[in-house]
Student: 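Quick one: the structure is below, and I'll ask about it shortly.
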2 protein chains.
Amino acid sequence: MTIAPRHLSPRATGQQVYEDLHGRIVRGELRPGASLTEARIGEAYGLSRTPVREVFWRLNEEGFLRVIPQVGTFVAPISVPAVRDAQFVRETLECRAVADAAGLATPADVLALQRLIQDQRSSIADGDFANFFALDEQMHRHLMLIAGHPFVWQVITSAKAQLDRVRFLSLEQGTWPAMILEQHATIVDCIARHDAAGAVAIMTAHLRTAFAAIERIAAEHPDFFEGSEPSGIAAIFRKRA
Amino acid sequence: MTIAPRHLSPRATGQQVYEDLHGRIVRGELRPGASLTEARIGEAYGLSRTPVREVFWRLNEEGFLRVIPQVGTFVAPISVPAVRDAQFVRETLECRAVADAAGLATPADVLALQRLIQDQRSSIADGDFANFFALDEQMHRHLMLIAGHPFVWQVITSAKAQLDRVRFLSLEQGTWPAMILEQHATIVDCIARHDAAGAVAIMTAHLRTAFAAIERIAAEHPDFFEGSEPSGIAAIFRKRA
DNA sequence: TCTTGCATTCTTGTATACCAGGATACTAGT
DNA sequence: ACTAGTATCCTGGTATACAAGAATGCAAGA
């Protein structure tokens with residue numbers, strides 16, 4: 001692999017490793033139970049163990065890895081209760097925020113939101129889904145900004161990570177963008193006419209679209225979820241008993 | 001200083017350093033702008049830089065430290081907007097949770113809560129405030145459990161850390177416990193008769209007691225807060241410009 | 001006296017060497 | 001054939017050595 005010409009800036013290299021591993025876990029390329037060792041990953045990226053170690057530790061705290069001292073580091077399974085609670089966090093915070101935003105939004109804010117909607121429409125028309133998802137994120141963050149709580153976004157981000165892992169398993173992203181755009185536009189309309197209740201209703205539905213199918217997804221991909229996996233770290237814990 | 005006989009369990013030593021530094025920052029013993037170096041702290045605790053480094057990184061991510069590469073590590077000032085948003089997070093999540101709990105609580109749950117209230121009353125009577133605050137935390141966590149969202153508590157915990165830092169500056173903890181206990185009891189009463197709206201109202205007031213005085217506290221302790229500190233890391237950034 | 005340049009020193013970032021403990025595979029004994 | 005014991009390997013945990021950059025102090029010149 002070997003990235004990092006280095007010299008860019010300290011800790012930038014580790015950041016890149018983090019983003020790469022994080023993405024591979026969320027996208028399911030690294031399956032739960034997969035074993036990662038500091039030495040191997042470090043070798044793959046042309047780094048020593050030290051910076052890789054910090055990345056592992058960060059992913060461990062976020063619930064993506066399980067570091068077992070003297071044994072190994074493994075990709076963590078998805079915990080359904082944890083995902084459920086992440087949904088609770090995101091839905092609760094974003095819904096109250098959008099209600100506040102509906103009350104606080106200035107004409108300039110509404111204009112900015114409408115511009116974001118336009119950009120999203122263009123992205124879909126161009127088939128540039130990566131950009132669309134970036135704009136999606138940007139819009140939700142902007143709503144939090146209008147509500148006057150910019151720092152809350154990082155809480156949402158950590159919750160979202162768990163949800164994205166499930167969302168990716170549903171694979172149905174092909175047809176979703178249009179619906180998401182529709183919901184975004186409706187939310188902005190509600191905000192424009194200061195309809196807090198309407199905005200909350202749409203936001204709730206919006207945030208639940210990806211979450212709704214979790215039971216079905218868990219049934220279809222049992223090896224990704226916690227509880228009686230056939231292989232992976234479950235085997236380790238089983239042998240411990 | 002020198003703790004850690006080691007051999008207890010891996011990473012336990014670092015955990016102790018974390019808790020100690022965290023406590024000293026929250027309690028204000030380490031003032032914003034104070035300089036910490038990995039080597040000095042490591043020496044003080046009888047550890048090498050490696051485990052201390054991970055502690056620094058963690059405190060940095062939580063907003064308690066500012067690590068500036070090749071320069072040093074400093075205790076971060078309190079950011080009023082960050083505290084405000086932490087309050088938003090805690091209040092929003094706990095209020096919805098307590099409403100859910102009011103609907104979901106079984107007689108056994110109510111009994112457990114009432115027992116917690118009794119324990120809190122005993123602690124105050126004994127003057128054991130440390131135990132009281134532990135029971136306070138336990139009660140809030142238990143409410144989240146009744147609401148069916150155990151994992152949300154760790155989100156609250158990180159938000160609470162920022163709030164505790166402000167709360168400590170208010171110093172008025174001597175007369176508070178009685179009031180807090182009163183509020184706790186009222187919340188449990190609301191839950192017992194499934195009065196969600198009432199529980200939310202009391203919980204909101206309860207959570208805002210510590211937060212209410214933030215403006216005054218910021219005015220009384222300007223050196224603890226972000227924005228035009230007379231000394232500390234502000235001086236560094238000033239020189240950069 | 002003030003400014004400018006340099007060298008020293010201190011910081012974190014990174015790499016590497018060593019330690020302790022658990023998992024595994026092999027071997028000896030039954 | 002199977003079980004128990006043991007030796008080895010592999011893991012993360014820790015300590016330490018080295019590198020790169022920034023701040024500071026001093027000295028030399030104007």
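All of these numbers come straight from a predicted model, not from anything done at the bench. So that the names make sense, note that chain A is the first sequence line, chain B the second, and so on, each numbered from 1.
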Student: Could you tell me the separation between the CH2 atom of W57(A) and the P atom of dT14(D), rounded to a whole number of Å?
Tutor: 12 Å

Student: Which whole-number value in Å describes the distance from Q15(A) CD to dG13(C) P?
Tutor: 13 Å

Student: With the side chain of S48(B) defined as its heavy atoms from C-beta on, choose the nearest nucleotide among dG22(C), dG13(D), dT14(D).
Tutor: dT14(D)

Student: Any side-chain N or O of T13(A) less than 4.0 Å from the OP1 or OP2 oxygen of dT14(C)?
Tutor: yes

Student: What's the CD1-P distance between I68(B) and dT11(C), to the nearest Å?
Tutor: 13 Å

Student: In whole angstrom, what separates R11(A)'s CZ from dA19(D)'s C1'?
Tutor: 16 Å

Student: Might you list the N or O atoms of the protein lying below 3.5 Å from N or O atoms in nucleotides 7-9 of chain D, with each pair's distance?
Tutor:
none

Student: How many Å lie between CD on E43(B) and C1' on dA15(D), as a whole number?
Tutor: 14 Å

Student: Between the side chain of D109(B) and the main-chain N/O of I146(B), is any donor-acceptor distance below 3.5 Å?
Tutor: no

Student: Going by an N to O cut-off under 4.0 Å, is there a salt bridge joining R24(B) and D20(B)?
Tutor: yes

Student: From dT11(D), dG12(D), dT14(D), pick the nucleotide closest to the side chain of R40(A)?
Tutor: dT11(D)

Student: According to salt bridge (charged side-chain N to carboxylate O under 4.0 Å, His left out), who are the partners of E62(A), at least two apart in sequence or on a separate chain?
Tutor: none

Student: Could you tell me the separation between the CZ atom of F74(A) and the P atom of dG12(D), rounded to a whole number of Å?
Tutor: 8 Å

Student: Under 4.0 Å between a side-chain N/O of T73(B) and OP1 or OP2 of dT11(C), yes or no?
Tutor: no

Student: Using heavy-atom distances to pick each residue's nearest nucleotide on DNA chain C, tell me which of L36(B) and T50(B) is more 5'.
Tutor: L36(B)

Student: Nearest of dA15(C), dT11(C), dG12(D) to any side-chain atom of T37(A)?
Tutor: dG12(D)

Student: Determine which pairs satisfy ring-ring contact (aromatic ring centres under 6.0 Å, His included) with at least one residue from residues 46-73 of chain B, sequence neighbours left out, and list them in order.
Tutor: H22(B)-F64(B)

Student: Nearest heavy atom decides the nucleotide; on that basis, is R53(B) or R49(A) closer to the 5' end of DNA chain C?
Tutor: R53(B)

Student: Charged N to carboxylate O below 4.0 Å: is that the case for E91(B) and R96(A)?
Tutor: yes

Student: Would you please classify the geometry between the H206(B) ring and the H184(B) ring as parallel, tilted or perpendicular, with 30° and 60° separating the classes?
Tutor: perpendicular

Student: Taking CZ from R66(A) and C1' from dG12(D), how many angstroms apart are they, rounded to a whole number?
Tutor: 17 Å

Student: Once hydrogens and angles are ignored, does a donor-acceptor distance under 3.5 Å link the base of dT11(D) to the side chain of Q70(A)?
Tutor: no

Student: Rounding to a whole Å, what distance do you find between Y45(A):OH and dG13(C):C1'?
Tutor: 20 Å

Student: With distance as the sole test, does S158(B) use its side chain to make a donor-acceptor pair with the main-chain N or O of V155(B) at under 3.5 Å?
Tutor: yes

